[in-house]
Novice: 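A single structure is presented below for examination.
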Amino acid sequence: MPEGATRAGYVTLVGMPNAGKSTLMNQLVGEHLSIVTPKAQTTWQRVTGILTEGSAQLIFLDTPGLLEGRDLMSKTMRAAAEEALAEADVVLLVVDSTRPPSDRDVARIGEVLGDVRVPLHVALNKVDAAPTEAVDAWQSWITERLPEARIRRVSAVQGDGCPELLEAISSELPESPFLYPEDEIASDPVRFFVAELVRETIFEQYEQEIPYSVFCQVQEMREGQDPLYIHVDIYVERKSQKGILIGKGGAAIKALGAAARAKIEHFLDRRVYLDLWVKPLDSWRKNRAHLGRLGFRVPPDDERASP
Ligand SMILES: Nc1nc2c(ncn2[C@@H]2O[C@H](COP(=O)(O)OP(=O)(O)OP(=O)(O)O)[C@@H](O)[C@H]2O)c(=O)[nH]1
Ligand SMILES: [Mg+2]
């Protein structure tokens with residue numbers, strides 16, 4: 001590479017649900033951009049995080065975990081991951097190495113990465129909490145099945161192995177001018193992150209099906225006011241879920257509002273008045289039009305098209 005030249009490109013993080021993809025992207029970019037929870041299937045859409053360091057610009061695409069489900073939402077999430085994979089200059093497979101690869105992992109990862117034609121890196125994640133035998137089992141499986149892959153042991157939470165991983169990935173990006181201004185860390189609108197922080201808090205504070213039945217959307221942000229007024233709609237799939245979200249005497253939604261507001265204030269670095277509205281949106285996860293309006297890119301209905 002000639003002196004003074006720069007590199008830039010897309011690094012797509014993929015893996016099974018709960019592997020630590022979002023945690024790793026946040027660690028690499030140095031910001032809490034993509035929401036993280038202990039529950040599987042936290043990320044539902046692609047999230048972009050940008051890191052410009054020295055002469056390289058890495059544009060990370062965090063994706064939903066690789067699901068098998070046949071329902072519309074699972075297909076939509078899978079399509080988001082596949083689309084991001086198709087754009088990748090480098091693929092970063094993230095695995096949870098606290099347990100050895102299962103048959104399901106092997107099948108899904110093999111299927112999705114079979115066609116990848118760009119450099120593949122594998123992060124054996126959670127080494128801070130992983131038994132050596134499980135990490136070794138992943139290492140042998142990847143060495144055998146994905147012989148081109150470069151493997152690294154990391155802890156996304158603690159940062160171990162992350163600087164080395166960054167350096168290895170950077171060196172494989174194509175020579176290119178920067179694609180974003182050097183100080184930019186995200187490309188999604190602020191409203192997306194605000195809604196996601198409310199959704200993250202719902203994952204933390206509610207149980208069973210509630211986190212998976214809820215989607216959040218910012219309806220209004222009134223600039224020029226202190227505190228900044230933000231109205232967020234919380235859509236539930238069924239009327240009965242509204243009561244659960246609100247709780248006895250409004251206690252649950254009050255706790256949700258307080259915790260989400262603190263996160264949003266930290267993210268925006270200003271005072272916020274958070275107005276949460278719970279609204280039923282009948283079976284929104286199964287409805288193409290609803291999903292589209294909520295900002296999901298629903299894949300075409302291939303089954304209806306085929307004979
Ligand atoms: N001990 C440990 N836990 C980790 C590490 N990385 C992630 N986790 C935890 O694993 C859980 C899942 O992390 P996420 O980053 O949400 O995982 P993800 O792959 O983005 O999950 P989905 O979005 O659901 O596909 C969280 O509780 C994280 O704190 C790690 O390096 N060590
Ligand atoms: Mg995630």
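When reading the values below, keep in mind they use all heavy atoms of this one structure, side chains included, and skip hydrogens, waters and symmetry mates.
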Novice: Would you say R108's side chain and L67's backbone share a donor-acceptor pair under 3.5 angstrom?
Specialist: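 Pair found, side chain donor or acceptor close to backbone of L67.
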Novice: Could you tell me whether the side chains of E209 and Q241 share a donor-acceptor contact shorter than 3.5 Å?
Specialist: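 The criterion, which ignores hydrogens and geometry beyond distance, is satisfied for Q241 and E209.
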Novice: Distance-only, no hydrogens or angles: does the W138 side chain make a donor-acceptor pair with backbone N or O of R99 under 3.5 Å?
Specialist: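 Confirmed, W138 side chain pairs with R99 backbone.
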Novice: Would you say E148 has more than 12 foreign heavy atoms packed within less than 6.0 Å of its CD?
Specialist: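 No, the 6.0 Å shell around CD holds no more than 12 heavy atoms from other groups.
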Novice: Please check if the distance between the ring centroids of Y10 and F60 is under 6.0 Å.
Specialist: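 Aromatic pair excluded; centres sit 6.0 Å or further apart.
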Novice: Following the transitive rule for hydrophobic clusters with a side-chain heavy-atom cut-off under 4.5 Å over Ile, Leu, Val, Met, Phe, Trp and Tyr, establish whether I59 and L85 coincide in one cluster.
Specialist: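 No, because I59 and L85 fall into different hydrophobic clusters, even though each may have its own neighbours under 4.5 Å.
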Novice: Is a side-chain donor or acceptor of S283 paired with a backbone partner of K286 at a separation under 3.5 angstrom?
Specialist: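 Judged by distance alone, no pair lies under 3.5 Å.
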Novice: So which atom in P64 and which in M77 form the shortest heavy-atom distance, rounded to 0.1 Å?
Specialist: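 So the minimum-distance heavy-atom pair works out to CG-O, 3.5 Å.
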Novice: Do E83 and R297 sit within salt-bridge range, that is, some charged N less than 4.0 Å from a carboxylate O?
Specialist: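 Yes, this pair counts.
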Novice: About how many Å separate OG of S155 and CG of L124, when rounded to the nearest 0.5 Å?
Specialist: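 Answer rounded to 0.5 Å: 12.5 Å.
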Novice: Side chain to side chain contact (heavy atoms under 4.5 Å, CB included) for T23 and V94? Distances and angles first, verdict last.
Specialist: CA-CA 10 Å; T23 310; V94 184; over 6 Å; no
Novice: Rounded to the nearest 0.5 Å, what separation is found between the CG atom of L256 and the SG atom of C216?
Specialist: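 Between L256 CG and C216 SG, I get 7.5 Å after rounding to 0.5 Å.
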Novice: Is the closest side-chain heavy-atom distance between E68 and R104 below 4.5 Å?
Specialist: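 Yes, at least one pair of side-chain atoms sits under 4.5 Å.
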Novice: Not counting sequence neighbours, which residues clear side-chain contact (heavy atoms from CB on, under 4.5 Å) with Q217? List them please.
Specialist: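 Partners of Q217 under the side-chain contact (heavy atoms from CB on, under 4.5 Å) test: Q219, Y235, L294.
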Novice: Report yes or no: do F267 and L276 belong to one cluster of Ile/Leu/Val/Met/Phe/Trp/Tyr joined by side chain heavy-atom distances under 4.5 Å?
Specialist: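 Same cluster: F267 reaches L276 through Ile, Leu, Val, Met, Phe, Trp or Tyr contacts under 4.5 Å.
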Novice: Does any non-hydrogen side-chain atom of L146 lie less than 4.5 Å from one of V116?
Specialist: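 Contact flag for V116/L146 side chains = no.
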Novice: Give me the one residue out of D128, L28, D160, N125 that meets side chain to side chain contact (heavy atoms under 4.5 Å, CB included) with V154.
Specialist: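 It is N125, the one option of D128, L28, D160, N125 that forms the side chain to side chain contact (heavy atoms under 4.5 Å, CB included) with V154.
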Novice: With rounding to the nearest 0.5 angstrom, report the CD1 to CD1 distance, I185 to I50.
Specialist: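 The CD1 atom of I50 is 8.5 Å from CD1 of I185, to the nearest 0.5 Å.
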Novice: State, yes or no, whether a side-chain contact exists between L228 and I230 at a heavy-atom distance under 4.5 Å.
Specialist: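 Side-chain contact under 4.5 Å: yes.
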Novice: Enter the distance from K263:NZ to T201:OG1 here, rounded to the nearest 0.5 Å.
Specialist: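 That separation rounds to 3.5 Å.
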Novice: Assess the residue pair H121 and R152 against the criterion (side chain to side chain contact (heavy atoms under 4.5 Å, CB included)); give the C-alpha distance rounded to whole Å, side-chain angles, the decisive distance to 0.1 Å, and a yes or no.
Specialist: CA-CA 8 Å; H121 286 249; R152 207 165 282 278; 5.7 Å; no
Novice: For the side chain of R7 and the backbone of L173, is there at least one donor-acceptor N/O pair under 3.5 Å apart?
Specialist: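 Side chain of R7 to backbone of L173, a donor-acceptor pair under 3.5 Å: yes, one is there.
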Novice: Minimum heavy-atom separation for T48 and M25, please, with both atom names.
Specialist: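 Heavy atoms only, the tightest pair is C-CE, 4.3 Å.
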Novice: Give a yes or no on whether the backbone of I169 and the side-chain of R150 come within a donor-acceptor separation of less than 3.5 Å.
Specialist: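 Not at all, since once roles are kept as given, no pair shorter than 3.5 Å links the two residues.
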Novice: Tell me whether L33 shares a hydrophobic cluster with L268, the cluster being built from Ile, Leu, Val, Met, Phe, Trp, Tyr side chains joined at under 4.5 Å.
Specialist: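 L33 and L268: one cluster.
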Novice: Describe, in one word, how the ring planes of F215 and F296 are oriented to each other, choosing from parallel (under 30°), tilted (30 to 60°) and perpendicular (over 60°).
Specialist: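 Rings of F215 and F296: tilted, as their planes differ by 30° to 60°.
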Novice: Do D62 and K21 sit within salt-bridge range, that is, some charged N less than 4.0 Å from a carboxylate O?
Specialist: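 Salt bridge: no.
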Novice: Look up atom CD in Q45 and atom CD in E196, then write down how far apart they are to the nearest 0.5 Å.
Specialist: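 Separation between the atoms: 6.5 Å.
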Novice: Test side chain to side chain contact (heavy atoms under 4.5 Å, CB included) on M73 and L291; report intermediate values, then the result.
Specialist: CA-CA 8 Å; M73 186 65 176; L291 284 173; 3.8 Å; yes
Novice: Does a side-chain heavy-atom distance below 4.5 Å link P299 with T76?
Specialist: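 P299 vs T76: side chains touch.
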Novice: Please check if the side chain of T63 supplies one atom and the backbone of L13 the other of a donor-acceptor pair under 3.5 Å.
Specialist: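 Side chain of T63 to backbone of L13: a pair is present.
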Novice: Within the side chain of S140, is there an N or O that forms a donor-acceptor pair under 3.5 Å with the backbone of D136?
Specialist: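 The answer is yes, because a donor-acceptor pair under 3.5 Å joins these two groups.
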Novice: Which atoms form the tightest heavy-atom contact between G49 and V29, and what is the distance?
Specialist: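 Closest pair (atom of G49, atom of V29, distance): C-CG2, 3.9 Å.
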Novice: Check whether any side-chain N or O of T12 sits under 3.5 Å from a backbone N or O of A84 as a donor-acceptor pair, and report yes or no.
Specialist: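 Checked: pair present.
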Novice: Say you draw a straight line from CG of L179 to CG of L58; how long is it, rounded to the nearest 0.5 Å?
Specialist: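 Rounded to the nearest 0.5 Å, the CG-CG separation comes out at 11.0 Å.
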Novice: For the pair V95 and M16, evaluate side chain to side chain contact (heavy atoms under 4.5 Å, CB included) and give the outcome as yes or no after the intermediate values.
Specialist: CA-CA 7 Å; V95 303; M16 300 299 282; over 6 Å; no
Novice: When you group the ILVMFWY residues by side-chain heavy-atom contacts below 4.5 Å and let the links chain together, are V36 and I202 in the same group?
Specialist: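 Unlinked, I202 and V36 end up in two clusters.
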Novice: Taking the side chain as every heavy atom from C-beta outward, state whether V118 and D89 have any pair of such atoms under 4.5 Å apart.
Specialist: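 They are not in contact (no side-chain heavy atoms under 4.5 Å apart), so the answer is no.
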Novice: Between W284 and W44, how do the two ring planes meet: parallel, tilted or perpendicular, split at 30° and 60°?
Specialist: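 Taking W44 first and then W284, their aromatic rings sit tilted (interplane angle of 30° to 60°).
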Novice: Just so I know, are the side chains of L113 and V14 near enough to count as touching, which here means a heavy-atom distance under 4.5 Å?
Specialist: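 Sidechains of V14 and L113: in contact.
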Novice: How far apart are the closest heavy atoms of E265 and V272, and which atoms are they?
Specialist: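 So the minimum-distance heavy-atom pair works out to OE2-N, 2.8 Å.
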Novice: Check the hydrophobic clustering (I, L, V, M, F, W, Y; side-chain heavy atoms under 4.5 Å; chains of links allowed) and say if L61 and L66 are grouped together.
Specialist: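 Each belongs to a different hydrophobic cluster.
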Novice: Counting C-beta onward and ignoring hydrogens, is there a side-chain heavy-atom pair between N287 and D282 closer than 4.5 Å?
Specialist: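 Sidechains of D282 and N287: no contact.
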Novice: Have D105 and S102 got a donor and an acceptor in their side chains that come within less than 3.5 Å?
Specialist: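 Result is yes, a qualifying pair exists.
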Novice: Please determine whether a side-chain nitrogen of the Lys or Arg among R270 and D226 lies less than 4.0 Å from a carboxylate oxygen of the Asp or Glu.
Specialist: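 No salt bridge links R270 with D226.
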Novice: Look at the side chain of K39 and the backbone N and O of F203, then say whether any donor-acceptor pair between them is shorter than 3.5 Å.
Specialist: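 The answer is yes, because a donor-acceptor pair under 3.5 Å joins these two groups.
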Novice: If you look at every heavy atom in S176 and T6, which pair is closest and at what distance?
Specialist: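 What the structure gives for the nearest pair is O-OG1, 2.6 Å.
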Novice: Is the backbone of S213 close enough, under 3.5 Å, to the side chain of R238 for a donor and an acceptor to pair up by distance?
Specialist: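 No, R238 side chain to S213 backbone: no donor-acceptor pair under 3.5 Å.
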Novice: So which atom in I142 and which in A149 form the shortest heavy-atom distance, rounded to 0.1 Å?
Specialist: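 Between these two residues, the closest heavy atoms are CG2-CB, 4.0 Å.
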Novice: I'd like to check T43 versus S34 (side-chain heavy atoms, cut-off strictly below 4.5 Å). Are they in contact?
Specialist: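 They are in side-chain contact.
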Novice: Does E220 have more than 12 heavy atoms from other residues, nucleotides or ligands lying within 6.0 Å of its CD?
Specialist: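 Counting other residues, nucleotides and ligands, CD of E220 exceeds 12 neighbours.
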